[in-house]
Amino acid sequence: SALFQFRRMIEYLPLIIVVALIVLAFRAMRRKLDGLKNPLLGQTSVYKWPELGLFEVDIVGESHYQKNISASVKERDKDETDAIYQAILIPEDGNQYDDKAVRVDIDSLTVGYLDRDTARSFRRRLSKLKIAGQITSCQATLKGGHMLRDRSKASYGVMLDLKEFE
């Protein structure tokens, strides 16, 4: 009887090995994807812009990222007005449309970009601070997202807590 159980176990051994390899491959792939999502990997510290409470800098391209912005809102209490978010500002030297682009992420999701002129001014300010090309962070707030009279939902916009750049 013990010999029979041993033989039966041997029959399932290839299946067990295949399942184990699939699990290991999935974990490795997940780690790699997590690394791609996290732009801070490899950067030891992030400069945090001072909290001014101004929220003067509007970003562009939010219309392309409404799902990402909605996902951030859903993680918060919907009744919470004036919610403050942590925005990550990522210089994108390899951006195919603009090699001076600065991407804005909230909750590891892209929500838009600094406009062309603001991105260039932002990069000049990074250079003055001796942190050119570095990822930085600031506070952000969302506008919109409310119900309109026609029962549609207003698009979200993102405002950054930064002074206007010269």
Side-chain angles (χ1 to χ4, degrees), residues 24-148 152-166:
L24 289 173
F26 178 76
R27 285 184 180 173
M29 185 174 66
R30 179 129 189 198
R31 259 186 259 121
K32 188 173 184 177
L33 287 174
D34 286 345
L36 292 175
K37 282 189 214 173
N38 187 350
L40 303 178
L41 286 179
Q43 188 171 320
T44 56
S45 65
V46 174
Y47 177 81
K48 184 171 177 163
W49 295 95
E51 296 176 13
L52 305 170
L54 299 175
F55 301 98
E56 290 180 352
V57 176
D58 195 5
I59 69 171
V60 297
E62 299 106 311
S63 63
H64 301 287
Y65 302 102
Q66 290 297 302
K67 284 184 182 179
N68 291 352
I69 299 170
S70 294
S72 293
V73 170
K74 287 178 185 170
E75 289 190 16
R76 312 242 175 180
D77 182 3
K78 288 185 179 184
D79 295 330
E80 185 181 348
T81 56
D82 301 328
I84 303 294
Y85 296 83
Q86 185 72 20
I88 305 296
L89 308 170
I90 305 158
E92 282 191 341
D93 296 336
N95 185 294
Q96 66 180 0
Y97 302 108
D98 180 5
D99 64 355
K100 302 291 185 216
V102 177
R103 188 176 85 218
V104 179
D105 286 6
I106 294 177
D107 295 331
S108 298
L109 299 171
T110 301
V111 296
Y113 285 82
L114 296 182
D115 70 52
R116 186 176 289 267
D117 291 337
T118 302
R120 280 155 175 69
S121 298
F122 176 83
R123 283 174 174 264
R124 282 192 295 277
R125 193 177 298 179
L126 287 179
S127 292
K128 283 181 186 175
L129 292 170
K130 308 244 186 287
I131 55 172
Q134 294 293 305
I135 296 169
T136 61
S137 71
C138 70
Q139 290 189 326
T141 190
L142 304 179
K143 58 185 180 183
H146 55 277
M147 268 314 180
L148 299 172
S152 65
K153 193 173 184 181
S155 294
Y156 287 106
V158 178
M159 299 296 293
L160 302 177
D161 188 17
L162 298 169
K163 272 195 225 176
E164 287 287 343
F165 296 100
E166 293 100 34

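- One side chain, Arg124 or Ser121, offers a donor N or O that lies under 3.5 Å from an acceptor on the other.
- Between the OG atom of Ser70 and the OH atom of Tyr156 there is a distance of 5.0 Å, given to the nearest 0.5 Å.
- The side chain to side chain contact (heavy atoms under 4.5 Å, CB included) search around Gln96 returns none, not counting sequence neighbours.
- Side-chain N or O atoms of Asp161 include one that pairs as donor or acceptor with a backbone N or O of Leu52 at under 3.5 Å.
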Does the side-chain hydrogen bond (donor to acceptor under 3.5 Å, both in side chains) test come out yes or no for Trp49 and Thr136, once each step is laid out?
CA-CA 7 Å; Trp49 295 95; Thr136 61; 2.9 Å; yes
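- When the side chain to side chain contact (heavy atoms under 4.5 Å, CB included) test is applied to Ala87, the partners found at least two apart in sequence or on another chain are Val104, Ile106, Cys138, Ala140, Leu160.
- Scored by the side chain to side chain contact (heavy atoms under 4.5 Å, CB included) test, Arg116 finds Asp98, Arg120 as partners (sequence neighbours excluded).
- Atom CG of Asp107 is separated from atom CD1 of Ile88 by 9.5 Å, given to the nearest 0.5 angstrom.
- Sorted by first and then second residue, the pairs that involve residues 57-69 and meet side-chain hydrogen bond (donor to acceptor under 3.5 Å, both in side chains), not counting sequence neighbours, are Asp58-Lys143.
- We find the NZ-OG distance between Lys48 and Ser137 to be 5.5 Å, quoted to the nearest 0.5 Å.
- Side-chain contact between Gln134 and Leu126 is absent, with no heavy-atom pair separated by less than 4.5 Å.
- Under the 4.5 Å side-chain criterion, counting only non-hydrogen atoms from C-beta, Leu142 is in contact with Ile69.
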Which is it for Glu56 and Leu162 under the side chain to side chain contact (heavy atoms under 4.5 Å, CB included) test, yes or no, and what are the steps along the way?
CA-CA 6 Å; Glu56 290 180 352; Leu162 298 169; over 6 Å; no
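- Residues Val57 and Thr118 have side chains in contact (heavy-atom distance under 4.5 Å, counting atoms from C-beta outward).
- The shortest distance between side-chain heavy atoms of Ile135 and Leu89 does not fall below 4.5 Å.
- Legend: residues meeting salt bridge (Lys or Arg N to Asp or Glu O under 4.0 Å) with Glu92, ordered by chain and number and at least two apart, are Arg103.
- Side-chain contact check for Asp105 versus Ile90: some heavy-atom pair is nearer than 4.5 Å.
- Across Lys100 and Arg123, no two heavy atoms sit closer than the pair O-NE, 2.9 Å.
- Partners of Asp99 according to the side-chain hydrogen bond (donor to acceptor under 3.5 Å, both in side chains) rule, which considers only residues two or more places apart in sequence or in another chain, do not exist here.
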